[in-house]
Amino acid sequence: MQIVLFDDALAGKLLPFTFTRPVCEIRCGITTIREKWEYYFPEIEIRFLTFRTVLQFKWSAPKENTDTLFINGALFPNEDVLSQIRNLAFGTGLKMESGRLGAFRSNSFNDSTHLSWGILENCRFLTLPEDIFQQLGVAIQEDFERLTVNRESEGHLEHVTIIGSHPVFLEKSASIKASVINAEAGPVYLAADSEIMEGCLVRGPFALGEHSALKMGAKVYGPTVLGPHCKAGGELNNSILMGYSNKAHDGFLGNSVIGEWCNLGADTNNSNLKNNYDVVKLWDHETERFRSTGLQFCGLMMADHSKAGINTMFNTGTVVGVGANIFGAGFPRNFLPSFAWGGAQGFETFRFPKFIETANRVLSRRGLKLSEAEVAILESVYQETSTQRTWENTAS
């Protein structure tokens, strides 16, 4: 038997983050959605069915004609969902009342129209980019319970003031020094080799990934997550850095989602509330227009490999695509296409060979290099988003 985490028809709503990953590889909480499912099915091979064909170059496709448990990659596991999915007989499946597929068991994904269906109850899906920060609180709590069950904290607390009754858990070689941790609203989790430096003020729920650091004097309002190999300083509020990204200096980041391999320069700030207190709109890559989020607080959505220079200012509800490089005075527009180079004063295109050179330079600091599959994925994004870089069309 195999498990296949599949992208459904709504995966495009999670662009620009799904340009470079299946939905299940989005980090929401301490872990990615894939890692959550791996916890519950450690003995079963997990494969992937991606809505962007090019992603299959990196993520293994399903084996054919095999008894397969197909699970929507946007579905969060919990005890209720698991009890329903584990009881699925071959040829049966579960849907939401809206018709969205939850899970089914079959030999082929294309057999899904011929199955016997039940209703999936008490479930949560990731549907829109803003869901990632909106669902962080619940996701951190669920991941915390999974990761720490029947275990005791192993790290070091040095001159730390802890407030509240929720647990503070440190993996081996994690440390907190001379800081204040408020765990009244939720738990605090530090992964292996992570560090909260001196003088930090942290309100849970909060999670710090492997080899990540919260720098001296940082102020964090939960729910907030720093994924593995991240550095953060300044002020953060209800935000996530998915991994290998830095916001290492002063500046505010609120109600925001930052992908992997991103960097926010010193004193970069984003607005998460409009001056007129109106609801925030975000760019929708599928419809190529702005849509209402229904939210009063919504900040910056920045996809993988994008960068912001020092003193960059992002307006409320700004969406930045893959591989952009933003800098200069003033507020850039609210939608910055993939591979944009510039800011409020104007844009040119971050040409692909130069982008790859820069990306590999960044990865080399971690002893890594882009694989052929990753280059192919990024090049497909470069080609697919060319029409969004309107200055190219004007120039031609």
Looking only at heavy atoms, which two atoms of [X] and [Y] are closest? And how far apart?
{"X": "L15", "Y": "P129", "result": "O-CG, 3.8 Å"}
{"X": "L136", "Y": "P223", "result": "CD1-O, 3.6 Å"}
{"X": "A9", "Y": "E286", "result": "O-OE2, 4.5 Å"}
{"X": "S194", "Y": "A191", "result": "OG-O, 2.6 Å"}

Next item on the list: Evaluate side chain to side chain contact (heavy atoms under 4.5 Å, CB included) for L120 paired with F125, printing each intermediate quantity in order.
Entry: CA-CA 11 Å; L120 180 63; F125 284 84; 4.2 Å; yes
Tell me if the [atom1] atom of [X] is crowded by more than 12 foreign heavy atoms within 6.0 Å.
{"X": "K231", "atom1": "NZ", "result": "no"}
{"X": "M216", "atom1": "CE", "result": "no"}
{"X": "E357", "atom1": "CD", "result": "yes"}
{"X": "I163", "atom1": "CD1", "result": "yes"}

Approximate separation, where rounding is to 0.5 Å, of [X] [atom1] and [Y] [atom2]:
{"X": "F347", "Y": "N325", "atom1": "CZ", "atom2": "CG", "answer": "10.5 Å"}
{"X": "S380", "Y": "F57", "atom1": "OG", "atom2": "CZ", "answer": "8.5 Å"}
{"X": "E38", "Y": "I46", "atom1": "CD", "atom2": "CD1", "answer": "4.5 Å"}
{"X": "R21", "Y": "D304", "atom1": "CZ", "atom2": "CG", "answer": "4.0 Å"}
{"X": "W341", "Y": "R351", "atom1": "CH2", "atom2": "CZ", "answer": "12.5 Å"}
{"X": "H211", "Y": "R366", "atom1": "NE2", "atom2": "CZ", "answer": "9.5 Å"}

Distance-only polar pair, side chains of [X] and [Y], donor-acceptor under 3.5 Å:
{"X": "N107", "Y": "N65", "value": "no"}
{"X": "R100", "Y": "T127", "value": "yes"}
{"X": "E392", "Y": "T349", "value": "yes"}

Can you say whether the rings of [X] and [Y] are parallel (under 30°), tilted (30 to 60°) or perpendicular (over 60°)?
{"X": "F109", "Y": "F104", "result": "tilted"}
{"X": "Y382", "Y": "F339", "result": "perpendicular"}
{"X": "W283", "Y": "F335", "result": "parallel"}
{"X": "F144", "Y": "F169", "result": "perpendicular"}
{"X": "F19", "Y": "H285", "result": "perpendicular"}

Strictly below 4.0 Å, N to O, side chains only: are [X] and [Y] in salt-bridge contact?
{"X": "E184", "Y": "R203", "result": "no"}
{"X": "K36", "Y": "E142", "result": "no"}
{"X": "D284", "Y": "R289", "result": "no"}
{"X": "E25", "Y": "R34", "result": "yes"}
{"X": "R151", "Y": "E171", "result": "yes"}
{"X": "E35", "Y": "R146", "result": "no"}

Item checked: CA sep, side-chain torsions, deciding dist, call: L236, V220, side chain to side chain contact (heavy atoms under 4.5 Å, CB included) -> CA-CA 5 Å; L236 299 96; V220 179; 4.0 Å; yes
Taking the side chain as every heavy atom from C-beta outward, state whether [X] and [Y] have any atom pair closer than 4.5 Å.
{"X": "L336", "Y": "Q388", "result": "no"}
{"X": "L170", "Y": "H156", "result": "no"}
{"X": "L101", "Y": "F6", "result": "yes"}
{"X": "I132", "Y": "F17", "result": "yes"}
{"X": "N270", "Y": "T318", "result": "no"}
{"X": "P205", "Y": "Y189", "result": "no"}
{"X": "L157", "Y": "I181", "result": "no"}
{"X": "D67", "Y": "R105", "result": "yes"}

Do the side chains of [X] and [Y] join up, straight or via other hydrophobic residues, at under 4.5 Å, putting them in one cluster?
{"X": "L190", "Y": "I240", "answer": "no"}
{"X": "I162", "Y": "L208", "answer": "yes"}
{"X": "L226", "Y": "I140", "answer": "no"}
{"X": "V160", "Y": "V168", "answer": "yes"}
{"X": "L273", "Y": "L295", "answer": "no"}

Donor-acceptor pair, distance only, cut-off 3.5 Å: does the side chain of [X] make one with the backbone of [Y]?
{"X": "S306", "Y": "C262", "result": "no"}
{"X": "Q2", "Y": "P62", "result": "no"}
{"X": "D131", "Y": "L126", "result": "no"}
{"X": "T224", "Y": "N238", "result": "yes"}
{"X": "Q56", "Y": "T50", "result": "yes"}
{"X": "S239", "Y": "N255", "result": "yes"}
{"X": "T161", "Y": "V180", "result": "no"}
{"X": "S108", "Y": "E64", "result": "no"}
{"X": "N269", "Y": "F252", "result": "yes"}
{"X": "S338", "Y": "V322", "result": "yes"}

Next item on the list: Share the residues that join V280 in a hydrophobic cluster, the rule being Ile, Leu, Val, Met, Phe, Trp or Tyr side chains under 4.5 Å apart at the heavy-atom level.
Entry: none
Check: Of the options L69, D80, I3, which is the one that meets I85 in a side chain to side chain contact (heavy atoms under 4.5 Å, CB included)?
Finding: L69
Checklist line | Member of N272, V319, V320, L253 meeting the side chain to side chain contact (heavy atoms under 4.5 Å, CB included) criterion with F314 | finding: V320
Next item on the list: List in chain and number order the residues that pass side-chain hydrogen bond (donor to acceptor under 3.5 Å, both in side chains) with N276, two or more places apart in sequence or in another chain; answer none if no residue qualifies.
Entry: none
Next item on the list: Measure from NZ or CZ of R86 to the centre of the six-membered ring of F41 and say whether it is under 6.0 Å with the direction within 45° of the ring axis.
Entry: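 Yes, a cation-pi geometry holds between R86 and F41.
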Next item on the list: I would like to know whether V81 and F76 meet side chain to side chain contact (heavy atoms under 4.5 Å, CB included); could you show each step before the answer?
Entry: CA-CA 8 Å; V81 168; F76 288 87; over 6 Å; no
Item checked: From CA spacing to verdict: side chain to side chain contact (heavy atoms under 4.5 Å, CB included), F206, I196 -> CA-CA 11 Å; F206 172 70; I196 294 180; 4.1 Å; yes
